[in-house]
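Just so it is clear, the values below take in all heavy atoms, side chains as well, and ignore hydrogens, waters and symmetry mates.
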Amino acid sequence: MKTYCNELESICDGVFALGELSARTLDRLVSYGELLSSRVVAAALAAQDTPHQWLDSRQLIRTDAHYGHAAVDFTTTNPQIQAAVSGADAALYVAPGFVAATHDGSTTTLGRGGSDYTAAIFAGALGAEQLEIWTDVSGMMTADPRLVRHARPIPRISYQEAMELSHFGAKVLYPPTIQPVMRQGIPLWIKNTFAPEDEGTLVEVAPPAHQATVRGLSSIGAVTLLRLEGGGMVGIPGFSRRLFAALAREQVNVILITQSSSEHSISVAVNKADAARAQQAADEEFGPEISAGRLDPLYREDDLAIVALVGEQMKDHPGISGRMFGALGTNGINIRAIAQGSSEKNISTVIRQQDVRKAINVLHETFFEATTRQVNMVLVGVGNVGRKLLDQLARQQTWLREKLRLNLRVVGLANSSRFVLDEEGLDLHNWKPALEAGQPMNLTELTAELLALNLRNTVFVDVTASADVAAGYAPLLARSVAVVACNKVAASSAYAEYARLKALAHDFNTQFLFETNVGAGLPVIGTLNDLLRSGDEVHRIEAVLSGTLNFVFNNYDGTRSFAEVVRQAQDEGYTEPDPRLDLTGVDVARKILILARESGRTLEMSDIHNDSFLPASCLEGDVAAFYEQLAVHEPHFRGLYDAAAANGQKLRFVASYADDKARVGLQSLAPGHDLYSLQGKDNAVLFYTNRYVEQPLVIKGAGAGADVTASGVFADILRAVQS
């Protein structure tokens, strides 16, 4: 031990004196860690009177002179190990890992995982019954547990699958470690030093049949993609050979290769640390073709990663690639390149580095957690409807997990003054303190932080009436975040904006849903979309679309003032925060506009004719002034009621669409009309189509109230995540 310390001191003095540290000297320096620790273990065994023999791996394992990552000469190494053991009578041997030596005796090291590799070299040379590697995790996992909370150990796995997983970043096992024991079919146990009772993973030639099609997920970060393309490659042999030869000269390891069938381009993924040398080598090799315009300049893309899906049985199960790409696409994870071997044991995708955690979790959920799918929801607006929605979500958590296999977490809340985001999910039974302690509300910051979290299966829910919140939908949809809007502003805005949001949802494979824009919890828009998808065509719509106005006219009979009835509607939560939006017919106009647009018509708000029944003075001033003017104009409202009652009719605020024209206004309807008998706050929509010509398709039910509106939003959330 003292000798080693003296040698180490002398080498350090020499390095200091020369001001130079070569790769050969560095290998000599770092070898002392294993030499000293193995001697300490041997001394501990001796202190316990345990018979053993210490062997110097440098005397037994022969390598080339590639310092830092030396290649083993097994032809020489195996006989030397066999001779050393067969010529001794010890039952236990201790040897330093990681270190070896060249044929002339210079110390070398075996690179990352070299200690495990040393154990495999000894096991292979001696034909051991099995090899045990003790590490800090309980075997190989279905995914990196630092990225996936629900990753679980793999009890038994084949050598081929273990090789694929270890190559693509499963750090528990170093790829060369497998080679010496795999050649001889020696079982390899991976065990946890800190939890020795755990089963661990057994790597073997032919593990028992298992149900899992996919065995595990792995990833490599800090990857650069290089792409060579151009018309000059087509039909000309040798381009691939020249590219790989140029990279080999620079000792650049190629992690992934993909080439188009047209031979127009070839892409390779390399470690980011090698990217500059790789780019220079390729530019020099193909400089003449690039200068002549036959090839494009080499394209380089940094900050990428590789995510791999591994499993021997994937080749026997169609649709694995489709499920993989579908799951990634639904979550807005763009795939830069794809590689799949002919053995179909591995499907590798190149994605952005920042998407790795999200991608691994999405794929783990898809292939290993079929029982539950995690959904992450952000709710903006915690007024009447928002609070009811949170109550409904809290009550339904168990049902959602058991019946729909959904773990729906609210990870964000916001109101007009504050917002809070919590990746782990908020307590639905006690969310108010968290929101009160949140950040000052800023929609731009909320959106930026939400997108930075990059959570899978994310739904943004807007139950405000804010134009500012509606203006923030586009960047969310462009990142494949589903938007559920109770807010009518977006769908009734300029047609170009409405169409843009619909197109974004389509292009980025997500959902923009706004069922509660019309009829609260009634399935109006969904039914309309079903009609159109099945080939029907809408010619005419008649509807009572304001639960507020229907409540008002069902309860106003002259015994109380019109103002009192309107205030009752507001107190019971049927009106918008500003009741004038309901009573002026603006809200109804928005709804018929949305229905016309969903029917396929290009209409603007200015195209909707509004026959308002409110005197102009009622629209001046604030809400308090509005109620004062309602009282002033009581004779006007009483006159409307009396005129209808005298003819046995009822007042209904009706929205209609026909012949590319829409209008809203107060009408007196006779008893035979389909909209005459609506009760309370009911809404009703009559669709006249190719199939429903004389007898319309009628949708009828409660069209206002926080509970029913919240239930409609809830249904849209479920549609968004189950589509």
Side-chain angles (χ1 to χ4, degrees), residues 141-153 211-214 217 323-324 326-328 330-333 357-380 382 385-413 420-435 450 453-461 463 480-484 486 510-511 513 515-516 521 523 526 706-723:
M141 310 287 282
T142 51
D144 187 337
R146 294 170 301 178
L147 300 177
V148 179
R149 178 182 301 175
H150 300 296
R152 53 182 183 263
Q211 297 298 316
T213 305
V214 177
L217 298 162
R323 288 175 65 192
M324 180 184 190
L328 295 176
T330 299
N331 280 275
I333 299 169
R357 177 183 292 272
K358 185 178 183 180
I360 290 288
N361 276 277
V362 165
L363 294 176
H364 197 272
E365 186 177 75
T366 300
F367 292 101
F368 295 100
E369 301 173 42
T371 55
T372 306
R373 184 184 184 199
Q374 182 175 298
V375 176
N376 298 293
M377 182 187 124
V378 175
L379 173 64
V380 180
V382 289
V385 175
R387 288 195 299 272
K388 293 291 185 182
L389 176 59
L390 290 171
D391 289 343
Q392 292 176 12
L393 290 171
R395 289 195 303 270
Q396 289 297 103
Q397 287 297 302
T398 301
W399 188 91
L400 290 173
R401 282 193 294 268
E402 292 179 354
K403 302 298 182 182
L404 299 185
R405 297 180 176 179
L406 292 178
N407 176 22
L408 202 163
R409 307 186 312 170
V410 176
V411 297
L413 288 174
V420 59
L421 287 173
D422 186 340
E423 185 175 357
E424 300 303 316
L426 297 164
D427 183 354
L428 295 182
H429 297 284
N430 190 30
W431 53 267
K432 290 181 182 178
L435 180 57
L450 175 62
L453 285 176
N454 207 16
L455 302 174
R456 65 190 187 277
N457 306 323
T458 303
V459 184
F460 181 89
V461 181
V463 294
S480 297
V481 174
V483 173
V484 170
C486 183
T510 189
Q511 296 288 327
L513 301 174
E515 179 66 80
T516 51
D707 260 329
V708 294
T709 304
S711 70
V713 174
F714 197 160
D716 262 355
I717 294 168
L718 297 181
R719 275 189 283 271
V721 300
Q722 291 183 301
S723 56

How many angstroms lie between atom CZ of R323 and atom CG of L328, to the nearest 0.5 angstrom? 12.0 Å
Determine, for D391 against K388, whether the closest basic-nitrogen to carboxylate-oxygen distance falls under 4.0 angstrom. no
Using only atom types and a distance under 3.5 Å, with no angle test, would you say the side chain of N454 pairs donor to acceptor with the backbone of K358? no
A side-chain contact here means heavy atoms from C-beta on lying under 4.5 Å apart; do I360 and D144 qualify? no
Atom pair CZ (F367) and CG (L217), whose distance is rounded to the nearest 0.5 Å: 8.0 Å
Taking all non-hydrogen atoms of both residues into account, name the closest pair between N331 and A327 and its distance. ND2-O, 3.2 Å
Under 3.5 Å: donor-acceptor pair, side chain of R456, backbone of E365: no
Mind checking whether L718 and L406 have side chains closer than 4.5 Å, heavy atoms only? yes
Report the distance from atom CG of N376 to atom CZ of R409, rounding to the nearest 0.5 Å. 4.5 Å
Correct closest heavy-atom pair for S480 and G332 would be OG-CA, 2.9 Å
Would you mind reporting whether R719 and D716 have side-chain heavy atoms less than 4.5 Å apart? yes
Do side-chain atoms of T142 reach the backbone of R152 as a donor and acceptor pair under 3.5 angstrom? yes
Interatomic spacing from CG in N457 to OG1 in T510 - rounded to 0.5 Å: 10.0 Å
Atom CZ of R395 and atom CG of L390: how far apart are they, to the nearest 0.5 Å? 11.0 Å
What I'd like to find out is whether the side chain of V382 reaches to under 4.5 Å of the side chain of W431, using heavy atoms alone. yes
Decide yes or no for V461 and L389: does some side-chain heavy atom of the first lie under 4.5 Å from some side-chain heavy atom of the second? yes
Taking all atoms of both residues into account, what is the closest heavy-atom pair of T458 and L455, and its distance? OG1-O, 2.8 Å
Working to the nearest 0.5 Å, report the span between CG of L393 and CZ of F714. 4.5 Å
Side chains of N361 and Q374 only: does a donor on one sit below 3.5 Å from an acceptor on the other? no
Can you name the nearest heavy-atom pair linking V148 to A143, along with the distance? CG2-CB, 3.8 Å
Shortest non-hydrogen contact between V721 and V375, atoms and distance: CG1-CG1, 3.4 Å
For L428 and Q397 the tightest heavy-atom approach is CD1-NE2, 3.8 Å
Validation row: Q392, D707 side chains within 4.5 angstrom (heavy atoms): yes
With heavy-atom distances below 4.5 Å as the criterion, would you say the side chains of M324 and L363 are in contact? yes
Set out, in order, the CA-CA distance, both residues' side-chain angles and the distance that settles side chain to side chain contact (heavy atoms under 4.5 Å, CB included) for V463 and L379, then state yes or no. CA-CA 8 Å; V463 294; L379 173 64; 3.7 Å; yes
